[in-house]
Amino acid sequence: MTRYTLYIAVALWLAILAGLKLLVRPPMPASVLMIYMTLSTLGILVFVAANEERFGNFIAPLRAVFEGRAPRLVQVLVLAGIPLLLAWGAWLRTAPSSDAPFEPRVVHPEPPASFALHGRRIETAGLKNPLRVPDAAQLEKNTAEGKVIYYRNCFFCHGDTLRGDGHFSGAFSPIPANFRDVGTISMLQESFVFWRVSTGGLGLPRSATPWNSAMPVWQTMLTEEEIWKAILYIYAGSGSTPRTWEEEPKK
Amino acid sequence: MARAIATSAFQALKGTYKGVVKISVLLVLTYLIAQGLNSFLPAADYRSALGLPNRVAVWAVAELHLMFAAFVLGVPIFALITEIIGVATREKRYDDLAREFTKLLAMAYTLTAVLGCVLLVLFIVLYPKFTGILSKIFKPTWIAYIVLIFGEVIVAYLYWYTWSLLQGVRKKWHLLLGLLVNLWGTALLFVADAWVTFMMSPAGIDDANNLVSLWGVIHNHTWMPINIHRLLANVAFGGAIVAAYAAVRFLNAKTDEERARFDWMGYVGSFIAIAAFIPLPFAGYWLGREIYQFSEQMGVSMMGGSFAWLWILQAMLIGSLFLASNFYLWLGMGRIPGAERYTKFQIGMMIVLTIGFIVWATPRSIIATGTEMSAMGGSHHPFLGLFGVMAAKNTAVNLMILTTFFSFMLYRRGNRIPIVPWAVAGKALQALAIAAAAAVVLGYGVYSYFVPSITRIGFSVYQVSAVLTSMALFVAIDIPLLKGAREIGAIRWGHIPARAQYALFFLAVSFTWLMGLMGYIRSGIRQHWHVYGRVMDESANAYTMAHGQATIIVSCIVVVFFLLVSVVFWLAARGGEPAESPAGEASAAKAAGSAA
C-alpha cells in the first residue's frame, strides 16, 4: 500500500477538491477554496514527508520521471502536464471577466467613541439599553411595543423570522442582516446595535468601506426610545441575547 | 587550589566590570546624543529622520529591540531550567547545554542595549512632545528601569563568567545567580510593559493627563495579560532561536559526534519552545478579552474591523507552527528504536491538525465576487460562517494543542515499554483523559452556538481547563508508568533527516514573524492615538496603513533580525566566549572538582 503513497496523496487531494466544490452549498467562494486547498496540500505534504519510508515511496515515482527511468510516455505526460497546468492556472487568474471586482468587506466595523443622535452627542462607551429593566412585566411590555415598531419599519427587509429575508431583501446586495445568525447581533453589545440602527448605512466609518448598506438612518424616523424598543424585540424575536461583560470598563 | 579560585573569581569580576562599563558608556553616550540633537534641531512636535517616516524608523528599531530583548529574557529562563535538570540528573550534558545557551547571550545583550539606546534617541528626537508627556507620567519608573538594567547586566555577566568557578558544592550559588538573572529580567519586562500598555489602556491620570496614581498607571487594564503573554512568548521565542542555532550547527557539522550534540540541542530547544507555546493561545485570549473590556471600539477594530484580516495571517502562521512541531517530532521518532509502533496514529493526528487549521483560518469576512455574494445571499456563507466565529476557532485550537501534546507524549515513550503491573490500566486511563478532554472541547464548542455570548466566553475557560487537566493527568500517570521501563534501544542522536532541521529553522522564523505581526496589530489598534483616547497622534503618519504595506515592513524587520542573529550565531560558533582563558577555566574546573 505504501508503495502507492504518491498516487494515494494525489487521489486524496482530488477528492478533497471535488468534495469542497460539489458538496458545499451555496458554492464556496474562490478565496476560501484557495485557503482550504492550500492547507489540505500542506497537510498532505507534511504527513508524507514526516516519515522516511513514506517520503521515499512518495518521491520514488517522481525521481523515476526526472531521472529518465520512467516510461517515455509518462515522462512526456508529466513534463508537458506541469507547464500546461500552470498555464491553465495563470489563464484562470488573468482571463477577462465581466464579474464585479472583489469587495473586501468589514462585517463588524468599529463603533466610534461618540455619535450624533437628534442633535446631541452619545458616548458609545458604557451605553446601555435603558429599557432592558429587571421588572419582567415591564420588559415584556417594552419588547411587545418593540415588536410593533419592528413590523412597521424593519420587517420589510429583515423579514418575519428575522432572518434577513423580508420582501425587499432580494433587491439589496448585500442582503439585510440575518439576526438569527450567531455571527450577527448575538456577538454584539446593544450599544453597537443602537449605533448601527440610529446612523444606518450613512453613519458607517470610513474604515468600513466599501459598504453598500441600504440601512436607513433610523433616528430621522424613530425616537431614541423606539429604537431601544425595536432592539429589545430583535433580540427576543431571534432568540438571542446581547453581548455583555461582567465588569464595567475601567476608564 | 585557592589561587586558582582567586584567579577565576578575579576574571569573573573583571568581565562583569567590563560589562558594567560598557553599558554605562552606552547610556551616557545616548543621553548626550539625544540632548545634543534635541537642542541642535529646531523645536517641533514631530521630526523625521533621514527622509524616513518617523513612524517606520521607530517601529523598525523598537521591534528589533523587542525581538532581541525577548531572546535575552527567554534564553536565561530555560538555561536555568536546563541547569537545574543537570543538577537533578547529575548529567553533565545538561550543564554543557545550559552553558551553550548562555554563550549566545553575551552578543545578544550588547545588540539589545545598542538597539534600546538608538530607540531612546529616536523617541526624543522624532517624537519630542509625546516623549515629554510620557516621561512626565513615568518619571519614577525610568529610575527603577536604569537600576534594573545595571542589576541585570551585573548578574547576567556574573552568571556567565562564574560558570566554571561555581561548580560542585558551589553550584547552588550559580543557580541562585541564574534565578536572579531571571527575576531581574522579568522585572525589566514588567516595567517596560507598563509603558506600552498604558498607551493602549491608559489609567491613573486625570483629564489633563497629570499623574494621579503611579500604581494605577502601571497596573492598567492590559498590563498583566501582556506581562504573562510576553513572558511565555519570550521562552517560546528563545527556545525557537536556540533550536534554529542548533539546526544551523547540525547542518554544518563535520562529525557524527557534532551532529548528535546539535541534534539533541535542537530537540531540547524545540521542546521548550513548544511547551511554552502550548499555553500561549490561552494567554492571548485573555489579553484580547481585556482589550474588549477596556474598549469595545478597540476590540472590534482588532478582531472584526480593519485589522481582522491580519488574524487570518496569524492563524496561517500559528497553524504552520503546529504542523512544523508535529513534523519535527514525527521525523525525530525515526531515530528512536521502537517508535515505529506509533506511526499508525499519525494519520489521525494529521487529519485533526489539518481540519483544525482549516477552521482556524476560515475568515469571518469572506472575500467574494459579486456572483459569489449573490449565490451566498450576502457576505455570510450559511455553512462556512459557522467556522468564522470564536466558538469554532477556540474548539479548533484546543484540539490542535491536545493533538500536539499527544504527539509529544508518543515521542517521549518511543523506545520505552512500561513494565509496571498496572501499565495497561494506566495507558487506558491516559487514553480516557485525552478522549474526555476532546469530548469536552467539542461538546462545549457545539453548545456555545446556542447560548448568549457571555456564557459562550465562559465556555472557553472550561475547554482550556479540560485540555490542561488532561495534560496534567497524562503526565502525572506517565512519570510513574515509565519508571524503570524497558528500553528497546538508545536514541540514535544525529540520525535525523536534514529537513527536520529546516523545520526547526521554520519555527524560529514563524515565531519572529508572528511577534512582528501581532506587535503591529497591538500597536496599530490605537489608530490615530499615541495614548488611546488621551494623546492624539497629530503627525502626518497618523493613519492606518494598508495591510500589504504594514506586512512588508514587518517582513523586512524579520529579515534584518535574522541577519543580526546570524552574526550572533557566527560569533558563538567561532567559540567566542568572552575573555575567559582556557587555562583559567581548566584550573577553576579542577578546583571545583577537588572541592566537590
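Numbers restart at 1 for each chain; the letters A, B, ... are given by sequence-line order, proteins then strands.
Proximity to chain A (any heavy atom under 4.5 Å) is restricted, for Phe383(B), to the side chain, taken from C-beta onward. The parts of Thr184(A) that come within reach of chain B are both its backbone and its side chain, each placing non-hydrogen atoms under 4.5 angstrom from that chain.
At a threshold of 4.5 Å between non-hydrogen side-chain atoms, the residues Asn51(A) and Leu331(B) do not count as touching. Using a 4.5 Å heavy-atom cutoff, the side chains of Phe47(A) and Thr354(B) are not in contact. In this structure, Asn178(A) and Pro382(B) have side chains that are not in contact, with every pair of non-hydrogen atoms separated by 4.5 Å or more. Annotation: side chain of Met316(B) is in contact with side chain of Ile35(A) (closest heavy-atom distance under 4.5 Å). Here the side chains of Phe55(A) and Arg499(B) are in contact, with some heavy-atom distance below 4.5 Å.
Val32(A) and Leu384(B) make their closest contact through CG1-CD1, 3.8 Å (heavy atoms, listed as atom of the first residue, atom of the second, distance).
Near-neighbour residues of residues 232-240 of chain A relative to chain B, defined by a heavy atom under 4.5 Å from a heavy atom of that chain, are none.
Options Thr38(A), Val24(A), Asp181(A), Thr124(A) differ in how many heavy-atom pairs under 4.5 Å they form with chain B, and the most are formed by Asp181(A).
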**Item:** Verdict with supporting geometry, Arg54(A) and Thr343(B), side chain to side chain contact (heavy atoms under 4.5 Å, CB included)
**Value:** CA-CA 11 Å; Arg54(A) 277 199 300 262; Thr343(B) 310; 3.7 Å; yes
**Request:** Take Glu52(A) and Arg335(B) through the side chain to side chain contact (heavy atoms under 4.5 Å, CB included) test and state the conclusion after the steps.
**Result:** CA-CA 10 Å; Glu52(A) 278 295 78; Arg335(B) 55 163 142 66; over 6 Å; no
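Note that the CH2 atom of Trp360(B) and the CG atom of Leu39(A) stand 12.0 Å from one another [nearest 0.5 Å]. Considering CE of Met37(A) and CD1 of Ile358(B), their distance stands at 8.5 Å, rounded to 0.5 Å. Rounding to the nearest 0.5 Å places CZ of Phe387(B) at 6.0 Å from OH of Tyr36(A).
Counting heavy atoms of neighbouring residues, nucleotides and ligands inside a 6.0 Å radius, atom NE2 of His495(B) exceeds 12 of them.
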